[in-house]
Structure formats: C-alpha cells, structure tokens
Amino acid sequence: MNIATLLQAQARTRPDAPALVEYRRGRRRVCTFGDLDDRAAHGAARLHDAGLRQGDAVLVLQPVSVELYVALAALFRLGLVAVVLDPSAGREHVAACARRLPLRGFIGSPKAHLLRLIVGEVRRIPHRFVVGPWLPGARPWRSSSWRSAQPPCVPLASCEADTPALLTFTSGSTGTPKAAVRTHGLLQAQYQALRSTLGLQAGQTDLTTLPIFVLANLAAGVTSVLSAADPRCQARADLARIADQVERERPTRVVATPAFLERLLAVAPDSLRDLQQVFTGGAPVFPGALDALKRAASRASITAVYGSTEAEPIAEVDYDAVTSQDRARTQRGGGLLAGPPVDAVALRILPDRWGAPLLPYTSETFEGDVLPPGIAGEIVVSGPHVVPGYLGGHGDAATKFDVAGVRWHRTGDAGYLDERGRLWLLGRCGAKARDARGVLYPLAVEAAAQTEGVARAAFLAADGGRHLVLEQTAGHPG
C-alpha cells in the first residue's frame, strides 16, 4: 500500500521519460522518472543512515522544485511522515505547527533554515538537511555522487492503508492551525480519483501550478512542467516567463486557478492555443471565465473542477455541457454550476447548520435529513479520497460527522442538486445574509452580477444591510 510503489512503477516502465521539468536561474532542468527514483533511493538511504525510522515526522520546507518531490518520494519510501506548512504565514504559525507533533527531521532550503535562528521548536529538531549550499548544523541533502553511486539497498517500508504519509497545515487564520492527515491509502485513492477526473495518461505534458496535482502526475507517468509561479502567491508570478515555458515545452494540458489563467491570457493571449485540455478550479469559475478560456484554447476541452483541501475532486463540469438554460439560471440567482459529482465521491445536501456540530447519524436518520433536489443546504461528502480527520482530532467536531460508522466531511459550502443530479454552488455557509427578507448566499449574487462590463463582484452582509461591490472591466463604458 506504500504510495511510493506507484512512483517506482513509472521508473521501471518509463525510466528515460521526463518526469519533472523546471527552470531555475534561466536554466532548464529535466528529471526523468528513472532519475527521480534513483535520487529518492539515495535520499531514503541518507535519512535512514541518520537514524530516522518509519513513523517519524519530517518537516519539509522546500519550494516547488525537483528537490521537493525527490524529498517526498524518499520520505514515502521509508514510511516517514512528510509535514508541509507555509512558512510565509509567520514565525508564530511555524512554531504553533511544530508544537503539534514531535518532529524528528527537517529538510529545507537555506532560507528555510534561517527559522532555526528564531523558532526554538525548529532549532530543536535533531536531524537537519539543507537543500543547497552547506550550512552549519545541517547535513547536505543533495550530493553529486547520487547519480553515479550504486543505488542503496534500503527496503521499501510496509505501509497499511491508514499509515500517515503527508500532513498539511491550514493557515490558522481562524484559530489553531489544523493538520489534514493524508494516509498512504488516501493518497492512492486521491490519485485514482484525479486520474479519472483529469483523464491522466502516460506521455502527457502538464503545466501545473497546484503542487498536490504533481504527485498524481508522477504516479500516472505524466510529465509535469513546474510553473515559475509561487503557489502561495500567484499574483506575483512572472507571467512572461511562464508564457515562455508554455511556448518552449508545448504542454498538452494545464491545471491552474481561474485567476492565474486570466492573468496569463492578459499577458500572453496566444499562450494556450495549442493545448488539448484545460482544467481550472480552486476558486469559483464563472461562465465568462470559461468563455475566455474557450476563445484562447479553441481546440481544447475546458473543464471546471470543484473540490477542497480535504476532498479533491468533488465535482466537474465541461464547457460544452453548460447550456443556455444553465446560464439563464445563473443570471436569475440560481448559483454556479459545478456539474455532477465525480464517481469517487458520495455527496448529499443537509440543512444548513454551519457552526453547530452534527451528532452521529444512523443510515435511516441521515437519509431522513438529506434535502431533495432544488433545496439549498450544506454540501457534505464522503469517499476514500476524502480526508477523514485532522491530527489529534482538532477540528473534527466542526467539520466531520459519522453515518453508521462512515466518516463524512462538511465542506462549509452551500449548494443544491438539480433535477439531473448536478451540483450548483451558492457560496460559503458562514457568509450568507440572513435577515427579515430571508437567506441569501453570496456566490448566487456574485455569479448573477458577472455580466458584460463587470470584471469582479463581491457580496457581503454587514451593518444590517446587504452590499454588492462591482469592479468595472477596464475600458468598458460606464
């Protein structure tokens, strides 16, 4: 069940095919599937020789790069737990996350190692590795001898489906950071769900800005061109450089947020013309955004994917499946079409009780609470690729509940199923307006407001009133 077996399978069948392509300091670097496997084997040996053993937690603070995925593959091989967080959230966030579990190892860039000077919890990690130039108090992670040396014989750890593999922390902006626990079984289930939803096939080339999707690509034999965009702040991405990547690598597909694609098209309107597939998600995808993508990538299939950190993917809708009647429903305030739920997920709509924990259900009481088509409520999901809980149970009470012993996840999103079983999104449950005029969800208003001449719309309830803020499209007459 070790997720590393999927990566090894590609190294055996496609050793010379490019797995990862990145540009650093103006230079193109290619890591084949065989290289990745070889370097991961040496990395695993280095970790094992340092004294790390199965179940130990290792903090990984490395930008999206070849080195990041070598490190993750090495950790998976040994059955170690990769702990990933966002250091840009600040020292208090890093310290709070590090206090949540005993960290035995640390792999990071030289810049990340500066945290040892200011965060005691990081300084006390016993086994430290630096990716890059030598630093005092840390072993070098990368060695020029890796590719020439005989691969070390470190056996692959035997992992069960519920063996933890990857922990990712939330920002903690609304309280104590929560750690989503992805097990080896869940990562394999997520790969299967993404492979089906995204149509992953060996030999494709994918420009991706979403780090978790690269793992699925590696398992499927898809070449990942690592975007020059920082996934933590794509607003500062060097779009001209990314457009050059697209021109040079000729990817067959792209997976990115709608905001990123909008900005890319503004800088390089022809950059997507040769693509075969475009997948976009991570934020609401409005009909106008789909239209713009179709104009830019006229030969490609355009798909909007709905999901969340804990459940990716949940639903998808193709551009060609959105009818004029669907668009009219959106304009009437009917919400944003997300499409039918993916095969891997069970999805229901419950009455919106966001903010109140849900007690365990029996199968009968749960089905009795499920809302019929056309009635809005909270979207809840279950499936093998849905994160079942957080580290130590912190956050489970607010977002998880059980039905006859089966764990379900509360998305916190409002929506409804139509008569064809398709999901429509209405916005965050916690952001709804509830007053004497009834209940109004923000996305329903914002989607209806996205007409010609409107670049962006934001709805909020504040000071006893309902407010809609519109940003006019540049150059459009007022």
Side-chain angles (χ1 to χ4, degrees), residues 3-4 6-7 10 19-20 22 36 40 58-76 81-88 107 164-171 177-200 204 206-227 229-234 253-260 279-283 303-316 342 344-345 381 383-388 390-391 409 411:
I3 188 67
L6 295 178
L7 307 182
Q10 293 300 330
L20 300 165
E22 69 175 354
L36 178 64
V58 177
L59 179 63
V60 182
L61 295 181
Q62 173 66 22
V64 175
S65 59
V66 169
E67 284 76 15
L68 171 64
Y69 292 101
V70 168
L72 291 177
L75 295 171
F76 295 156
V81 183
V83 180
V84 180
L85 53 88
D86 182 3
S88 66
I107 303 172
L166 177 65
L167 268 66
T168 55
F169 279 87
T170 63
S171 66
K178 301 191 296 291
V181 182
R182 292 178 175 84
T183 65
H184 283 262
L186 187 139
L187 286 176
Q188 293 211 27
Q190 184 176 55
Y191 159 63
Q192 297 294 346
L194 288 173
R195 186 180 68 170
S196 175
T197 300
L198 304 182
L200 299 179
Q204 295 172 326
D206 180 16
L207 175 72
T208 181
T209 64
L210 305 173
I212 195 69
F213 283 61
V214 177
L215 289 177
N217 285 348
L218 292 174
V222 173
T223 299
S224 295
V225 179
L226 302 180
S227 165
D230 184 342
R232 297 169 300 177
C233 188
Q234 295 184 19
R253 47 190 288 127
V254 65
V255 181
T257 65
F260 172 85
F279 294 92
T280 183
T303 305
V305 182
Y306 165 64
S308 69
T309 298
E310 296 86 354
E312 185 72 69
I314 293 176
E316 63 172 341
V342 300
V345 77
V381 293
H385 71 296
V386 178
V387 175
Y390 302 103
L391 181 67
H409 172 68
T411 65

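Start at 1 with the first residue, then count along the sequence.
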Quiz item: How far apart are the closest heavy atoms of A216 and L194, and which atoms are they?
Solution: CB-CD1, 3.9 Å
Quiz item: Any side-chain heavy-atom pair from L391 and P164 closer than 4.5 angstrom?
Solution: no
Quiz item: Counting N and O atoms only, with roles assigned by atom type, does the side chain of T257 sit under 3.5 Å from a partner on the main chain of G281, one being a donor and the other an acceptor?
Solution: no
Quiz item: Do the non-hydrogen side-chain atoms of N217 and Y69 ever get within less than 4.5 Å of each other?
Solution: no
Self-check item: Option among L207, V66, V64, V214 that satisfies the side-chain contact (heavy atoms from CB on, under 4.5 Å) test with S224
Solution: V214
Practice problem: Under the side chain to side chain contact (heavy atoms under 4.5 Å, CB included) rule, collect the residues that match up with A311, sequence neighbours excluded. | Solution: S308, I314, V381, V386
Quiz item: For L210 and T208, which heavy atoms make the closest approach, and how far apart are they?
Solution: N-OG1, 3.2 Å
Exercise. Side-chain contact test, heavy atoms from C-beta onward, threshold under 4.5 Å: evaluate it for F169 versus V83 and give yes or no.
Key: yes
Quiz item: Which pair of non-hydrogen atoms, one from P313 and one from T197, has the smallest distance, and what is that distance?
Solution: CG-OG1, 3.4 Å
Practice problem: Would you name the heavy atoms of A40 and A74 that are closest together and state the gap between them? | Solution: O-CB, 3.5 Å
Exercise. With sequence neighbours excluded, give me every side-chain hydrogen bond (donor to acceptor under 3.5 Å, both in side chains) pair touching residues 179-188.
Key: T168-R182
Quiz item: About how many Å separate CG of L215 and CG of L166, when rounded to the nearest 0.5 Å?
Solution: 7.5 Å
Quiz item: Taking Q190 for the side chain and H385 for the main chain, is one N or O donor matched with an acceptor at less than 3.5 Å?
Solution: no
Quiz prompt | Residue pair D206 / F213, side-chain heavy-atom distance below 4.5 Å | solution = no
Quiz prompt | Distance-minimising heavy-atom pair for P258 and T280 | solution = N-OG1, 3.0 Å
Quiz item: Side chains of L167 and L85: does their closest heavy-atom pair fall under 4.5 Å?
Solution: no
Quiz item: Looking at V387 and A180, what are the two nearest heavy atoms and their distance?
Solution: CG1-CB, 4.2 Å
Practice problem: Would you check if E312 and V305 make a side-chain contact, meaning some heavy-atom pair closer than 4.5 Å? | Solution: yes
Self-check item: Contacts of A19 that satisfy side chain to side chain contact (heavy atoms under 4.5 Å, CB included) - sequence neighbours left out
Solution: F33, L218
